[in-house]
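The analysis underlying the following values was restricted to heavy atoms, covering all of them including side chains, and did not include hydrogens, waters or symmetry mates. To find a chain, count down the sequence lines: A is the first, B the second, and so on, and within it residues start at 1.
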Protein chains: 2
Amino acid sequence: MKKEKIEIAPECNEHIRGVRDTMSLLDGKWKTLIISHLYYVGKMRFMDLKRQVEGVASKTLSKELKDLELNRLITRTQNNTMPVSVDYELTEFGKSLHQIIDTMGAWGIRYREEILK
Amino acid sequence: MKKEKIEIAPECNEHIRGVRDTMSLLDGKWKTLIISHLYYVGKMRFMDLKRQVEGVASKTLSKELKDLELNRLITRTQNNTMPVSVDYELTEFGKSLHQIIDTMGAWGIRYREEILK
DNA sequence: GGTAACAAGTAGCAATTTGATACTTAATAA
DNA sequence: TTATTAAGTATCAAATTGCTACTTGTTACC
C-alpha cells in the first residue's frame, strides 16, 4: 500500500498557519470571552470582569490577563484609588480582533438552536 | 464606595452569549485547527489529520474528534478497506463555521509580524 | 519466509491547566 | 464593631493534555 502523502496548496497552508498563529494568542479557556467583554463593554476592572465572565476563578482570570498583556492585546492600568483599582482595556492590536469576535458572536446567535440540541 | 454595577446593553449581552456559545463547541486546544484542516483540505483520515495537525497526540485527537462528532460538526465514516480507514468530514453545520475560520486565518496572516514579536 | 510498516485508535502514567476555597492589606460603609 | 471591597496570591484537588507503548490483521520489502 502506497503511502500517499496529502498535498496541500500553499495558500491553504498559509491560511491554516494564520489560524494557528491566531489561536496561539487566544488559547486557554477564557481569553476569547474576556476579549469579547472588553470589546463590547470597554475598559473594565478586575472584579467587574470576574463578575461578568461567569465561571472564571480569580487565579485563572489573573493568569489569562497576564498572558493577554504579554501579547499586547490588553493594557493594565493601576489607578491611584483606595483601595487600589485596576483597569484592563484592549489595545489597538487587541481591538483589531473585532472581526473575529463579531463573526463568532453572530454565528453563535444564528446557530443557537442548533447548538443547544 | 458605591458598588456601581456595570450595565450592559441587551444587544451586547446577546453577542457575548453568542461568543460563549460558539466557544463551547470550539473549546479545547485543537478543535479550531482540526476544523480548519477539514475545511481547507476536505475529507481526511485519522492519520492524515494526525500528521497535518502538528503536535496532537493520538489520544487527544481521538477525543477532540469525538467531541466534534457529538456536536454534529463533523461526520465519521469507516471504510471497508484493509486495514480499516476512517474518514472525517465537516457537516453542513460544520461548514457554516467557514466565516470564523476565514476571519481567523486572515487575521493571523495580517498580524503575523505583530504576533511573533 | 521473516520482519517491518500501516491503519485507527486504546492504555497507563506523567506533566500541565484549571478550579475551589481561603486569605492578604487598608479603608470605608452600616 | 463588623462586614465589605479591591486585586490578586496560596494551597490543594480535579480535569486536561502529552508521551510512550501496544493492539489486530494485512500487505511491502529483503
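- Minimum atom distance to the side chain of A:Arg51 is reached by D:dA6, of the listed D:dA6, D:dG25, C:dA8.
- For B:Ser62, no side-chain nitrogen or oxygen approaches OP1 or OP2 of C:dA8 to under 4.0 Å.
- Neither side chain, B:Asp87 nor B:Thr77, offers a donor N or O lying under 3.5 Å from an acceptor on the other.
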What nitrogen or oxygen pairs link the protein and nucleotides 18-21 of chain D at under 3.5 Å?
residue : atom : partner : partner atom : Å
D:dG18  : OP1  : B:Lys29 : NZ           : 3.1
D:dG18  : OP2  : B:Trp30 : NE1          : 3.0
D:dG18  : OP2  : B:Thr60 : OG1          : 3.4
D:dG18  : O6   : B:Lys59 : NZ           : 2.5

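- A salt bridge between A:Glu92 and A:Lys95 is present, with a side-chain N of the basic residue lying under 4.0 Å from a carboxylate O of the acidic one.
- B:Met23 has its CE atom 12 Å from the P atom of C:dT18, to the nearest Å.
- If you measure from atom NZ of B:Lys66 to atom P of C:dA8, you get 14 Å, rounded to the nearest angstrom.
- Atoms NZ (A:Lys50) and P (C:dT21) sit 11 Å apart, rounded to a whole Å.
- How far CG of A:Leu26 is from NZ of A:Lys31: 8.0 Å, rounded to the nearest 0.5 Å.
- Side-chain polar atoms of B:Asp102 and B:Tyr39 form a donor-acceptor pair below 3.5 angstrom.
- When rounded to the nearest whole Å, the span between CD of A:Gln78 and C1' of C:dT25 equals 13 Å.
- Classified by interplanar angle (parallel below 30°, tilted 30° to 60°, perpendicular above 60°), the ring pair A:Trp107/B:Phe93 is parallel.
- Closest to the side chain of B:Phe46, out of C:dA7, C:dG9, D:dA7, is C:dG9.
- Remark: A:Glu69 CD is packed, more than 12 non-hydrogen atoms of other residues, nucleotides or ligands lying under 6.0 Å away.
- Going from atom CD of A:Glu69 over to atom P of D:dA7 covers 14 Å, rounded to whole Å.
- Spacing between atom CG of B:Asp87 and atom C1' of C:dG9 amounts to 15 Å, rounded to whole angstrom units.
- For C:dA8, the OP1/OP2 oxygens have no side-chain nitrogen or oxygen of B:Lys63 closer than 4.0 Å.
- For the side chain to side chain contact (heavy atoms under 4.5 Å, CB included) criterion with A:Ile74, the lone passing option out of A:Ile34, A:Asp67, A:Leu65 is A:Leu65.
- Rounded to whole Å, atom P of C:dT18 lies 14 Å from atom CG of A:Leu33.
- Atom CD1 of B:Ile34 and atom C1' of D:dT17 are 13 Å apart (whole Å).
- At D:dA6, none of the side-chain N or O atoms of A:Tyr88 fall inside 4.0 Å of OP1 or OP2 (strictly under the cut-off).
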